[in-house]
Protein chains: 2
Amino acid sequence: MAEVDVSTVSRVLRGQSEQRIRAETRDRILEVAKKLNYRANYTARALRMSRTFTLGIVVPQLDNPVFSAAIRGAENHAAKNGYSLLISHRDPGDAGTTIAKLSQMNRVDGLLVASLDADEVLRSDLAEANVPYVLLNRLLPGTALSVVLDSQEAARRATEYLISLGHRRIGHLGGRPGGFNAQERLAGYKMALDAANIPFDPRLVTMGDYTFDAGRVSVRELAKTDATAIMAATLVSAAGAMAELRLAGWQLPQEMSVIALHDALFAEMLFPALSTVMMPTEEMGRVAADLLIRKLSGEDPDPVRALPPGRLIIRDSTVAPRSGARISK
Amino acid sequence: MAEVDVSTVSRVLRGQSEQRIRAETRDRILEVAKKLNYRANYTARALRMSRTFTLGIVVPQLDNPVFSAAIRGAENHAAKNGYSLLISHRDPGDAGTTIAKLSQMNRVDGLLVASLDADEVLRSDLAEANVPYVLLNRLLPGTALSVVLDSQEAARRATEYLISLGHRRIGHLGGRPGGFNAQERLAGYKMALDAANIPFDPRLVTMGDYTFDAGRVSVRELAKTDATAIMAATLVSAAGAMAELRLAGWQLPQEMSVIALHDALFAEMLFPALSTVMMPTEEMGRVAADLLIRKLSGEDPDPVRALPPGRLIIRDSTVAPRSGARISK
DNA sequence: TAATTCTGAACAAACGATTGTTCAAGGTTG
DNA sequence: CAACCTTGAACAATCGTTTGTTCAGAATTA
């Protein structure tokens, strides 16, 4: 309609290398394009450029606030840079299938991978990917790109806060023994104890996964000890612990203080409202997308980005321990 | 490598019209394809067929269990049918932009749209879409495809249950007055009252949006009345209501029963654990994807699919009203 | 004025599939 | 044995861009 070659249109619309276009021609093309509401066909462009401008994100759970925040962060940043986000909820069962499917069909230029799987499983899944990827809150020996939260520091701060309230017998509701984050958190927990000259007692540490039910189960062990406070790995397991304790007749927070890592709206919905150390999960998604996009643009970014924990949010679940010894139930 | 024309490879791999292929040739091609781990390039196929095999889903919130369940359902069904899901978290602010962007660039074959916007806004947003779309839990006058939850019946059941416990002064924590679902729920609420010959009292109905804070604010009105129970529109507003009441010193559930529509893990995390009427939100996502895929396949499905509410889940937040009159606080 | 450079846009070749058409070779039929 | 089908696969056009190359005409230089 503008009576020019399509190649000219392409050059004008892409905006770059405008040196070889007469202003008059450019204006005419832009005008017609606007009138026609014309946009370059994405698929054709992707084929020609052999880039899809699409990122894939693989998450194990969609209803976990940690992952939904990461998705949000990634999607926003991706959109800002002209990328779209393809989501792939991956059941733990068909591990790796989606990774393979997305990358082998050239549907995505790169992958954001959040996985709770064991190192070896994850590694073999990723071996099939023929695209760059970034790991979320995971470190895998090798050169994989990663964005990690500083769980150790977060755990240290949470524990430190409990100590500052006067607690000396502090339980830890942790994650799976093998998991990367579980170790980190445990280390942070110990670090805080050390700093306060409180001896480490392995009976006060229970491991589970990060589910509500695991929280319920694990806390039964702690209930048998003389712990006066609990530092829980995640919101969800903390919620499980509180539910179970209450069911057993405990007064919260008077008889047991609870603090958790990660923050989300629902910490406030719990009773008592849960004190937390906020973790920058949305930021994690954003940074991961950024890292991946840089990588795709040919840059060679530092492989690992560590994100410091956020602030301590003191709500109602943490109080000073009772002066007297707790009456055993 | 199999020494055949690409067209032959295409025919074999697509699996269809295998009549014109010698078994020997087919096997050879398949073997080589497997050895090379070859998959047809998605982009090229999309260009040639002018179909992206990608669905877009537009949601206002990512951390709301209602939407994440819908996404999960849609993603699963889409994947099963060879489609991918492009996610687009849409801030209420830039309404419609993403709809336009996704569809005008031919990135998606169709759209799944969950929106809390007013009819007119939504309508004008959708006017820009040049692809088929399905509305989630929304009805728009016209021929739009929709999947709706039967909020009316769910509200009726929830209210009915409270009545069966002996409550006669039942408050309703509803949604925005204009909203489609708000009316539905109110109707169900009234229906249950009618059936029990309980007069409708407008003072017992408060409207807000579906947020935690709105729940807190709205419940203050109800706290001034003689209501002994509350039927809340959503989990999140119910949580807000309970938090606020507890803050004001109420004993839950003895002094106020609460039931909410929709169910999710976190209903169980609240204290007292929240009774709910489960809503098939994951199913809604699934059905919406199905409807859209059918439409894209040239079928002409019924425009509206209504999903019946799920079962009543009785937890600890609903009890019989106290026999005596409540002491006003 | 002739030779050269510059400009701006058209030309044309991909990108990797899908799918209608063609066509040689082998089989069948009258 | 000639004419005609059938079969199986190659051939070729196409989808809508991007981008290297070409090229006519205008501008500059010698």
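Per chain, numbering begins at 1; letters A, B, ... match sequence-line order.
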(request) Report the distance from atom CG of B:Asp5 to atom P of C:dG20, rounded to the nearest whole Å. (result) 15 Å
(request) Under 4.0 Å between any heavy atoms, over every strand shown, what does B:Val9 touch: base, sugar-phosphate, or nothing? Just pick one. (result) nothing
(message) Tell me the interatomic distance from A:Arg51, atom CZ, to C:dA14, atom P, rounded to whole angstroms.
(response) 22 Å
(message) Determine whether a donor-acceptor pair (one donor, one acceptor, N or O, separation below 3.5 Å) exists between the side chain of B:Arg28 and the base of D:dG8.
(response) no
(request) Could you tell me whether the side chain of B:Val148 reaches within less than 4.5 Å of the side chain of B:Asn181, counting heavy atoms only? (result) no
(message) Could you tell me how far apart B:Arg22 (CZ) and C:dG26 (P) are, to the nearest whole angstrom?
(response) 10 Å
(request) Rounded to the nearest 0.5 Å, what's the gap from CZ on B:Arg28 to CD on B:Glu31? Could you check? (result) 9.5 Å
(message) Within the 4.5 Å heavy-atom criterion, are B:Glu75 and A:Ser88 side-chain neighbours or not?
(response) yes
(message) Between B:Leu140 and B:Leu122, is there a side-chain heavy-atom distance shorter than 4.5 Å?
(response) yes
(request) Using the side-chain hydrogen bond (donor to acceptor under 3.5 Å, both in side chains) rule, pick out the option among B:Thr52, B:Thr54, B:Asn41 that qualifies with A:Arg107. (result) B:Thr54
Below 3.5 Å between N/O atoms, which protein atoms pair up with nucleotides 23-25 of chain D? Just atom names and distances, please.
none

Distances under 3.5 Å between nitrogen or oxygen atoms of protein and nucleotides 13-17 of chain D:
unit_1 : atom_1 : unit_2  : atom_2 : d
D:dT14 : O2     : B:Arg48 : NH1    : 3.3
D:dC15 : O2     : B:Arg48 : N      : 3.4
D:dG16 : N2     : A:Ala44 : O      : 3.4
D:dT17 : OP1    : A:Tyr38 : OH     : 2.7
D:dT17 : OP1    : A:Asn41 : N      : 3.0
D:dT17 : OP2    : A:Tyr38 : OH     : 3.0
D:dT17 : O5'    : A:Tyr38 : OH     : 3.3
D:dT17 : O5'    : A:Asn41 : N      : 3.2

(request) Give a yes or no on whether a salt bridge exists between A:Asp119 and A:Arg138, defined as a side-chain N under 4.0 angstrom from a carboxylate O. (result) yes
(request) Could you check how far CZ of B:Arg11 sits from P of D:dT7, rounded to whole Å? (result) 16 Å
(message) Check A:Asp290 with A:Arg286, please: is the shortest side-chain N to carboxylate O separation under 4.0 Å?
(response) no
(message) Is any side-chain heavy atom of A:Pro132 closer than 4.5 Å to one of A:Leu296?
(response) yes
(message) Does C:dA10 have OP1 or OP2 under 4.0 Å away from a side-chain N or O of A:Thr8?
(response) yes
